[in-house]
Amino acid sequence: MKMKKIFLFLLFYNLNISYVYSVTPDVFIQSTVNGASEILSKNISKEDKITQLKVIAKDTVDIKAVGYYSLGSIRKNLDNNQLIKYLNLFEEYFLKSFSSRLSEYTNPKIEVYGKKVLNENYTMVNSMLIATSDRPEVKIDWRVYTKNPNNPLIRDLIIEGLSLARTQKEEFASILNSNDNDINVLFKTLEKFSKN
Amino acid sequence: MFRKLVFILLSLIILSLNANAGSDGELVLKKNLNQKNVDKTKDCFEKINRATFAFNQGLDKAIIKPIAKGYRNLPDPIQKGTSNAVKNLTNLITIPNNILQGDIKLAFINTGRLVVNSTVGLLGTIDVANKMGFPKYEREDYGQTLGAWGFGPGCYIVLPVLGPSTIRDTAGSFANVLGGDPWYNASIHGNNQYLNESLFITSKALSGINFRSDNIESFDNLEKNSLDFYASVRSLYLQDRENKIKNNKRGNIDILYKDEQDWEEINN
């Protein structure tokens with residue numbers, strides 16, 4: 001009897017968890033930006049803001065996939081150890097770069113107002129950074145990976161039509177092309193960025 | 001006359017350079033209806049470009065950025081008025097390009113905008129048309145028109161002082177001084193007492209300072225967070241131009257990613 005109760009409890013608990021976390025991509029983005037806006041509006045130091053933004057980014061961005069995409073087809077030539085090293089370095093670089101970019105904004109208000117399903121894996125969510133007296137409105141689109149609807153993840157940020165992932169990919173390609181596709185040069189560059 | 005000749009010669013040199021650079025079959029400045037090819041832009045002169053980029057950065061840090069910062073300290077109405085006035089002048093290039101791209105309706109709208117802002121809007125310093133509910137202004141230039149006609153971008157180039165461009169966009173810019181910009185024609189060759197060369201140069205300089213002033217933080221942020229600032233600027237410039245040529249108000253995934261398959265391969 002007791003086992004049955006425990007089983008039922010676990011079943012309902014899991015169902016409840018699934019229900020709570022099953023969100024549509026637009027709701028997911030709105031809740032993510034609300035969280036980020038809250039941090040940016042706080043009266044805390046820039047460093048503290050960056051630390052808290054990194055937590056949000058870790059939970060909501062598919063950093064591994066963005067890392068693979070940024071690396072391009074050269075990833076297929078790397079061995080396992082190199083890939084692991086790359087992903088670790090990339091995560092550090094990405095979190096620093098991403099949170100540092102965002103931390104420049106104070107009290108941003110972002111409104112999500114639309115979405116377009118690209119296919120079963122991706123949805124593009126449309127939002128707008130509301131204009132203030134200091135800056136005009138800015139269109140921001142979010143490429144959300146929806147393969148697991150219970151755990152949507154951001155894979156790209158498109159600001160006024162400019163893709164952050166593509167820019168990053170072309171930047172990495174430029175570093176590799178200038179150095180005979182030597183992955184160690186990219187490793188060093190990523191390391192240097194994260195340490196500075 | 002001599003100046004025109006120099007411009008024509010320069011255009012021809014640039015176009016012929018492009019033909020050579022594109023002789024490997026990837027980047028020919030010719031009518032290219034295959035979008036995949038149009039999207040590929042090669043950095044044929046990367047070493048020279050990087051050197052020019054470094055020169056431009058030095059110039060920016062020493063002169064342009066300090067001026068832009070000073071400009072920001074001017075009273076808001078002066079900044080707004082200047083911004084509106086230089087933007088209003090760009091209508092003179094936008095309108096012929098609207099026509100060349102077959103968008104006659106938009107050409108009429110922009111002509112209306114120009115007339116209203118230049119008269120009621122006190123030489124363009126007040127954007128009356130915007131207040132009257134005219135559609136949002138989208139600037140067009142001859143580089144965009146060439147792109148819309150199907151010409152590929154050719155090689156990426158960095159111009160001294162002027163910054164990022166492509167062979168196609170530079171060729172488009174030459175069209176301005178070869179008769180395509182009525183503001184240039186009137187102020188340089190107008191033979192009147194009100195307009196002259198220095199007024200034209202001042203308007204262009206103000207336009208550049210206004211742009212730089214609007215983007216001080218964005219550029220600083222981009223530079224600070226880039227692994228290779230040169231490559232970031234190149235990527236952003238090319239994405240922006242692709243969007244403008246396609247009149248994409250939001251990112252189109254075909255333009256954004258070139259090959260959507262890159263994303264599809266990455267599954268968790």
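Protein chains get the first letters and strands the later ones, always in sequence-line order, with residue 1 at the start of each.
Heavy-atom contacts from other residues, nucleotides or ligands closer than 6.0 Å to CD1 of B:Ile216 number more than 12. Counted within 6.0 Å of NZ on A:Lys58, heavy atoms from surrounding residues, nucleotides or ligands total 12 or fewer; the atom is thus considered open. Summarising the local packing, CD of A:Gln82 is surrounded by more than 12 heavy atoms from other residues, nucleotides or ligands at distances under 6.0 Å. Within 6.0 Å of CD on A:Glu191 lie more than 12 heavy atoms contributed by other residues, nucleotides or ligands. Counting non-hydrogen atoms of other residues, nucleotides and ligands closer than 6.0 Å to NZ of A:Lys42 gives a total above 12.
The minimum heavy-atom distance between B:Leu236 and A:Thr167, with the atom names listed, is CD2-OG1, 3.5 Å.
In this model, no donor atom of one side chain and acceptor atom of the other lie less than 3.5 Å apart for A:Ser163 and B:Gln239.
Contacts between A:Ser178 and chain B at a heavy-atom distance below 4.5 Å involve the side chain alone, from C-beta outward. Heavy atoms closer than 4.5 Å to chain B are found nowhere in A:Ala173, neither backbone nor side chain. Interface remark: B:Arg72 contributes no atoms to any contact with chain A (heavy atom separation under 4.5 Å). Of the atoms belonging to A:Tyr93, it is side-chain heavy atoms, and not backbone ones, that fall under 4.5 Å from chain B. In this structure, the portions of B:Asp240 lying under 4.5 Å from any heavy atom of chain A include both its backbone and its side chain. A:Lys76 touches chain B through its side chain: at least one heavy atom from C-beta onward sits under 4.5 Å away, while N, CA, C and O do not.
Applying the salt bridge (Lys or Arg N to Asp or Glu O under 4.0 Å) rule to A:Lys85 yields no partners; only residues at least two apart in sequence or on another chain are considered.
Between B:Glu242 and A:Arg166 a salt bridge is recorded (basic side-chain N to carboxylate O distance below 4.0 Å).
Proximity to chain A among residues 222-235 of chain B is limited to B:Leu222, B:Lys224, B:Asn225, B:Ser226, B:Leu227, B:Asp228, B:Ala231, B:Ser232, B:Arg234, B:Ser235, judged by heavy-atom separations below 4.5 angstrom.
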